[in-house]
Structures are given as C-alpha cells and as structure tokens.
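First up is the structure itself, then whatever we jot down about it.
Throughout, protein chains are lettered first and strands after them, A, B, ... in sequence-line order, and every chain is numbered starting at 1.
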Amino acid sequence: MIELRRVNKWFGGRQVLKDVSLTVARGERVVVCGPSGAGKSTMIRCINRLEEHQQGEIFVDGIELTGDVKQIEAIRREVGMVFQHFNLFPHLTVLDNLTLAPIWVRRMPRREAEDLAMLYLERVRIPEQAGKYPSQLSGGEQQRVAIARALCMKPQIMLFDEPTSALDPEMIKEVLDVMVELAQSGMTMICVTHEMGFAREVADLMVFMDQGEVIETAPPDRFFTAPRNERTRLFLGRILRQ
Amino acid sequence: MKAGAARALRWTRVNLFSTPLNAALTLFIAYLAVRLLPGTVGWAVLRASLTAADDRACAASGGACWAFILDWSRFILFGRFPYAQQWRPAIVLVIFAALLLASFSRLLPGRWLALAWAGGLGAVALLMWGGVLGMPYVDTALWNGLPLTLILAAGGLGISFPLALLLALGRRSSLPAVRTLSIVYIEGARGVPFIAWLFLMLVLLPLFLPPGVAIAKLWRAEIAFALFIAAYLAEVVRGGLQAIPRGQYEAADALGLGYLHKTALVILPQALAVTIPAQVNTFIGAFKDTALISIVGLFDLLQDTNTALNDPAWRMAYVEGYVFVGAVYFVFCYSMSLYSRRLERRLGRERR
Ligand SMILES: Nc1ncnc2c1ncn2[C@@H]1O[C@H](COP(=O)(O)OP(=O)(O)OP(=O)(O)O)[C@@H](O)[C@H]1O
Ligand SMILES: [Mg+2]
C-alpha cells in the first residue's frame, strides 16, 4: 500500500531523512515514535507530498510520487491526514469543513456530502456540533472534527501526526477512542504518537526513528519488551517512566 | 425619582469624571460645545436663508446661504446633462441609493444581491446612455455631477477588486515571471501620484487599442482609476494572505484541493475577512479621489459645484457649496464605514 525506498531529504544543508525505508501493507497499522527532531513528521509528510523528498522512491497505492501535480492530487485524495494543531477551516462551520472536499474534489452532490458528513460526525460522537464554528469547540472536539473531515474523503490511508500532543490530558482519551475504533475498522494507518498505550493496543508494527534514520522496526510485543537497539531502549525507558 | 437622580449622578461620575484627565477632557469638550454650538446652529439653521435671490441678500440675514444650493441643485447634481432629460440621472441616483441600502440592510441573500447589482448597473448604463426606448442618446461627456462620481466609484471599485486579488496572488506566486510582473505593476502604480498616473493613462491607453478604435475619456479615466486602486488594494489583500497560517494551506492540500479551490474556498475568504478595515480604508480613500478626475476635464460633483459658484449672483456662497459637497461625500464614506463595521461584527460573532 505504501512503500518508501531509501528516501533521503535535506533541509538546506541538513539531512533530515537518511535512507528511510518502510513498507506498509493494506490494513496495517504503524506507529512511529522517536525523539523530537527525529524526522517523524517529515517522513509522513513526504507520503502525501506536503514535503518533497530528494532521493529515493515513494509509492502510494502503486503510484510513484513524482513532481506531477495531477498525480499528487490523486494520491492526496486517497490519503487523509490529521495534524497536531487540527488545522480546521475557521471561517466554515463544522459541517462545511466536512463537506468542502467531497463537494469540490469528489464532485459529490451537497445533500449526499452532508449525509456523509453527519454519518462521520456521529462516528466521532459530536453530531450535535455540526452547525458550530471550530473556535466554539474544545480541542478534543476539534481534533475529532479533523478526523471526520479526513474520513469524509473516504481515504484508503490515514496519516496522523501527533494528533493528541496539543490536547489537555482529559481530552486525549476521547480522540484516542475514535482512533482505536478507526483502527479496528481496518483502516491503513500511520500514526506518529507517543501514546504508548494506544500503540500497544492497535499497532501491528512499531517504528523507532532517531536523527533522520529508522533505527528499529518491530511488532509491539517485541518492541516494548525486547528492543534490540540501545537507542530504542533509552528512548523507551525515558517515555515509559513518565 | 430620587433613585433615578442618584443613578444619573453615578453614571456621570463613572463615565465623565472617572480620572482627573477624564474630568479635564469633559470640561474642555463642554467648553467647546458652549462656545461653538450656538454659533454653528445659528448659522446653519436659525439664520439660514432658503429663498434669498443672491449672496448679498443672504449676507443681510447673516446665516448660511442654502438658497444657492437650491437654486443650482440640478446643475450641481447633474451638470450639463440635457435639462429635459435630467429625470434619467435622477433615477440613476435612486438606483444607486437602493443598491447601497440593499447591500447595507442585508435584506437580500448574497447571490440575489450580486444579481441586483448587475441589473442595477445595467439599468444605470441604459438610463445614462439612452438611444433606446425613446430616450435620446447622451454622450458620456455630458454625464456630470453625482452620477458621474458614483459611476466612477462603482466601476473603479468593481474593476479593481478582482484585479487586486489577481495581483496579490500573483505577488505570492511560485512562478517567478508572474511574481515579477505583479511586483513591477504594484510598485509602479503605487510609486506615481494619482494625477500623474491619470494623465499618463489617458495618453497611454489609446496606444494599446487597435487603430481607429477610440474610447471615451470617461472610460479611460475609469480604467486608470481602477488600475491605480488595484495596486493599493492588492497590497491590502496580500497582508491578509500573509496572516493565514501555513496549516490552512497544508490542510487544504492534504484534502486534495487544487490551487483554485484552495485559494477560492479556504485562503481568500479568510484573507479578505481579516482585511475588511484596511479594504474599506482604501475604498474610502479611492471614493474621495474620484474628485481628482475633474483635472482631466470630467465634471464630477465637485467640479459642477465650482462651475455653479462662477454665477455672479452666488460668488460668495462657496462655503455653503463646499459644505454641501463635503456632506455628500461624508454620507457615502460614512455608510461604507458603518457597513464594514457591521460586516466585521457579523464575521467576528460567527468565528470567535
Ligand atoms: N520546513 C523546514 N525547514 C527547515 N528545517 C526543517 C523544516 N521542517 C523540519 N525541519 C527540521 O527537520 C528536522 C526533523 O523535523 P521533524 O519535524 O520531522 O521532526 P519530528 O520527529 O516530527 O519532531 P517533533 O517530535 O518535534 O515533531 C528537525 O531538525 C527540524 O528542525
Ligand atoms: Mg513532528
């Protein structure tokens, strides 16, 4: 479904991705963790071309990501993304946030798009907020709207970039619950997060990154109990103790 | 009764005398009002003359000479438009008033409002030009006075707005050619005084036309005016574009929206909303700049008033003439300002 082959990326003179390779099968759920600045965001943002990689190959759903704008847009239609800071459209109501892309990108009739939007709002458990503006919602509610907005495009793949790290502790659970349900429904997911409880529960594969490199990939049981790399062990020791 | 008096006293203390500085300001303003108000009201209302035959008769009563405005009202408003046909520009004024009221009151939903403006401006063109429905044709050189001012303003703002959007987007484009062109245009137009620009365009514009085609001076001035404002407005819009966080672009990209959809549905609505005060500021300035157009021999409201003041009978009535012109400009500018404040409040209520 997703394949990164020896991807390299530089920001100016600084290399932020070094020979990153990763394969994600359909329906697989991957959790990526690692210290700040490791390149986690950069890696998943390369998958929908919010960042451009300079070397290596990235295939999404069999299509190679090149500079071709039409192809990039085609891939973005199939890949949903949820951001740390939600990035909802503040000038639109929740409902309009959700229907915007289906109507204008998928060319869906408005009624149908609204029905779909209400369906997903129910799945993230905030149908009563449809008429509100994002600024009138709590952080947890905003993030759930953002998840619903991405789902309304019926993506094959969902990318999450630290979706709970801008949230107050009491709101983290409501967002994670929605993500767990999504994982159980069989969605292909790549999730950058430090919520290790969530990772244990849903991940098929754990990826540890540091300094632009993928240091270790392993299934969660082995990853948490017997990490092979010293750096992984140090990192896990630090975040699991908290 | 007593409670009311106590409340009034408290209101006065809290609002007018809360600090020594406030108290001083209150007293100063009260002093100014006492000194100036009786004189002004006496001049403008009590001693004003509506019927005097000339400025000397007015001077005898010592008040404002509104008789001049009444005597010359049709010329001030409509200039040299054929006298028997002046009902046509009069209706045009009514149409403009109705359109402004409709926009202001928000009685019509957006789509209908746009239609109303399109239809209204069509009717304006028909009435001014004539040549159909038994209305004699009237050359644009005879479109004078307030209708001219409003046509210049409406056309100028209407043309400049879409142009400004393109320029603002162009200046932020990733295509070097588009960006350079936009920058050169904006800086070029902004770097020249309006009057110089106006003369330049009146001379230059015909050079871009195929030989044998001529456009009336009015339209050349209108285009020059629109091109000039567009540069200012573009910078205002660009300021708004810069205020949009990168996350908004990324979210739109991630949803698969193309450049046009992203710009029209996500970025511009936000950029335009945050720059309403600055846009209105530009519009108000531009509206008043229409008065400069008389310099190329077009007879707008101000120029008509100047012409009327050449009447030997009313030579001394220039204060009244300019107060009247000022009041007309003020009404339009202040309505724009009120409208923008309402728009801001409405958008603010929805989004914050
Ligand atoms: N647009 C950019 N321009 C220049 N450098 C950048 C840019 N974006 C990221 N970087 C750098 O690339 C490196 C990797 O950043 P990235 O955001 O991918 O890390 P991360 O693993 O997501 O970290 P965090 O946990 O803090 O989000 C960092 O050193 C960062 O400073
Ligand atoms: Mg990150």
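Using a 4.5 Å cut-off between heavy atoms, A:Leu88 contacts chain B through its backbone alone, with no side-chain atom that close. Proximity to chain B (any heavy atom under 4.5 Å) is restricted, for A:Arg45, to the side chain, taken from C-beta onward. Both the backbone and the side chain of A:Phe89 come within contact range of chain B, with heavy atoms under 4.5 Å apart.
Your options are A:Pro134, A:Ala101, A:Ala74, A:Pro155, and the one with the most heavy-atom pairs under 4.5 Å with chain B is A:Ala101. Residue with the most contacts toward chain B among A:Glu73, A:Arg106, A:Arg49, A:Met81: A:Glu73 (heavy-atom pairs, distance under 4.5 Å).
B:Ser103 OG to B:Leu343 CG: the interatomic distance, rounded to the nearest 0.5 Å, is 11.0 Å.
In this pair, B:Phe332 and B:Phe287 present their aromatic rings tilted. The plane angle is within the 30 to 60° band.
Judged purely by distance below 3.5 Å, without hydrogens or angles, the side chains of A:Asn87 and B:Gln248 never pair a donor atom with an acceptor atom. Side-chain contact, A:Gln84 with A:Ser165: a donor N or O sits under 3.5 Å from an acceptor N or O.
Judged purely by atom type and a 3.5 angstrom limit, B:Ser160 uses its side chain to pair as donor or acceptor with the backbone of B:Leu157.
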